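Here is the structure we will look at.
Quick note: numbers below take in every heavy atom, side chains included, and nothing from hydrogens, waters or symmetry partners. Predicted model only: the values in this text are computed from it and were never measured.
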Amino acid sequence: MGCIGYGSGDALVRTAFRGLSAFPLTPIRDDAVDEGAFAGLVERLAAAGVDSITALGSTGSYAYLSPAERARVTRLAVGHAAGIPVFAGVSALRTSQVLAYAEQAQEAGAAGLLLAPMRYQPLSDDEVFTLFEDLTRHASVPVILYDNPATTGFSFTTELYARIAALPGIGSIKIPGVPADPGEAAKRVAEIRAVVPAHVTIGVSGDAFAAAGLSAGCDAWYSVIGGTVPVAAQRIVRALDEGEQERARAESDRLAPLWDLFASCGGSLRVVAAMAEELGLVHRPCLPAPLQGLGEEQRERLRAVMAALGLDR
């Protein structure tokens, strides 16, 4: 990729943990995983040619699924990904559960494991480090450090990034959004890059910050919209492939009404779920109870945004 550089290290890390990683929903119907709809979402991503697919991220509602459902989702993702690398979320409250999820994900053919430090009681840095140490000791595929304080309530320091990234088996760090100012964004990414091994990639999340993060030196975009409308996300990545940072920022700015919806609706999950419903990709409602989808007023606003952006087809 043009503006997304390649580092040294393991071949899988050099290839799989870069570019656009699409995070599909795990649609629920009648209180069970809608396997047909999920397979269709994965096939849609494969047809679009995303660089990787991450199942069971926050967009994939991993925390709401049983062990059997998680295992089935990973198998479906791998089976319908047409050879595109699949990463699987393995987060859980107990270390033993994380290791069990990791084992079943690896048996299903996952190319990487995504781990966020779930918590009910507050976690210390040492406890989180030990969690990653235990997982990397047992895993046979690379691990993605998932920093998502909005859902976990745990915030990583740069120093903790460094400690965990030094563990054998860490392939990537999924960071929250970078500052909007290009100079500050570059400074933040450089600060992280300076303390992690060269083979560990840095991936930006928070879709509104993707263009800024990739332009600032991030290697990957772990994308919510990429899991439902991958072509819109690819326009940003392709602009950067071609060295056109201004075009990438323009593509991101064009999607600002969508980013505004994410902010006003309490996050991205309910919005992308409604998008998938409006596109006929999943049954309505598709979220696990007690989560509820957008209200009709919000949905009307979403329909207008999708039509204006050409995302309604």
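Looking at Glu35 and Arg29, their side chains never come closer than 4.5 Å, going by heavy atoms from C-beta outward. In this structure the side chain of Pro24 reaches within 4.5 angstrom of the side chain of Leu45, judged on heavy atoms. A heavy-atom distance below 4.5 Å is found between the side chains of Ile175 and Tyr161. Side-chain contact between Glu278 and Arg299: present, with at least one pair of heavy atoms (C-beta onward) separated by less than 4.5 Å.
With hydrogens and angles disregarded, a donor-acceptor distance shorter than 3.5 Å links the side chain of Arg254 to the backbone of Leu309. A donor-acceptor contact shorter than 3.5 Å links the side chain of Asp207 to the backbone of Val224. Put simply, the side chain of Gln234 gets close to the backbone of Ala48: a donor and an acceptor are under 3.5 Å apart. Listed for the Gln104 side chain is a donor-acceptor partner under 3.5 Å among the backbone atoms of Pro67. Panel note: side chain Thr54, backbone Gly57; no donor-acceptor pair is recorded below 3.5 Å. Using modelled atom types, one side-chain atom of Glu277 and one backbone atom of Cys286 make a donor-acceptor pair closer than 3.5 Å. At distances below 3.5 Å, not a single donor-acceptor pair connects side-chain atoms of Glu300 with backbone N or O atoms of Glu297. In terms of modelled atom types and a separation under 3.5 Å, the side chain of Thr136 and the main chain of Glu133 share a donor-acceptor contact. Between the side chain of Glu242 and the main chain of Ala239, no donor-acceptor pair closer than 3.5 Å is present. Side-chain atoms of Gln298 come within 3.5 Å of backbone N or O of Gly295 as a donor-acceptor pair.
In this structure, a donor-acceptor pair under 3.5 Å is present between the side chains of Ser58 and Asn148. Side-chain contact, Thr26 with Tyr64: no donor N or O sits under 3.5 Å from an acceptor N or O. Between the side chains of Ser252 and Arg247, not a single donor N or O lies within less than 3.5 Å of an accepting N or O. Side-chain contact, Thr228 with Arg44: no donor N or O sits under 3.5 Å from an acceptor N or O.
To the nearest 0.5 angstrom, Met118 atom CE is 7.0 Å from Ser91 atom OG. The CG atom of Leu302 lies 7.5 Å from the CG atom of Leu258; values are rounded to the nearest 0.5 Å.
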>> Using salt bridge (charged side-chain N to carboxylate O under 4.0 Å, His left out), reason through Arg238 and Asp241 one step at a time and then give a plain yes or no.
In response: CA-CA 5 Å; Arg238 285 173 179 165; Asp241 283 349; 6.0 Å; no

>> Between Arg193 and Val196, is the side-chain contact (heavy atoms from CB on, under 4.5 Å) condition met? List the steps.
In response: CA-CA 6 Å; Arg193 172 53 60 205; Val196 303; 3.4 Å; yes

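The number of heavy atoms from other shown groups lying within 6.0 Å of CD (Glu296) is above 12.
Ring geometry for Tyr222 against Phe23 counts as perpendicular: the plane angle is over 60°, on a 0 to 90° scale with 30° as the lower cut. Aromatic ring orientation, Trp259 versus Phe262: tilted (interplanar angle from 30° to 60°).
Between Asp312 and Leu279, the shortest heavy-atom contact is C-CD2, 3.7 Å. Between Glu127 and Pro122, the closest heavy-atom pair is OE1-O, 3.9 Å. Considering every non-hydrogen atom in both Gln292 and Arg270, the closest pair reads O-NE, 3.2 Å.
Of the options Ile202, Asp51, Asp219, Thr201, a side-chain contact (heavy atoms from CB on, under 4.5 Å) to Phe17 is made by Thr201 and by none of the others.
Judged by the 6.0 Å and 45° rule, Arg70 forms a cation-pi pair with Tyr101. Note that Arg163 lies in the cation-pi zone of Phe129, set by a 6.0 Å cut-off to the ring centre and a 45° limit from the axis.
Partners of Ala110 by side-chain contact (heavy atoms from CB on, under 4.5 Å), not counting sequence neighbours, listed by chain and number: Thr74, Ala88, Ala105.
Under the 4.5 Å side-chain heavy-atom criterion for Ile, Leu, Val, Met, Phe, Trp and Tyr, Val231 and Val272 are members of distinct hydrophobic clusters.
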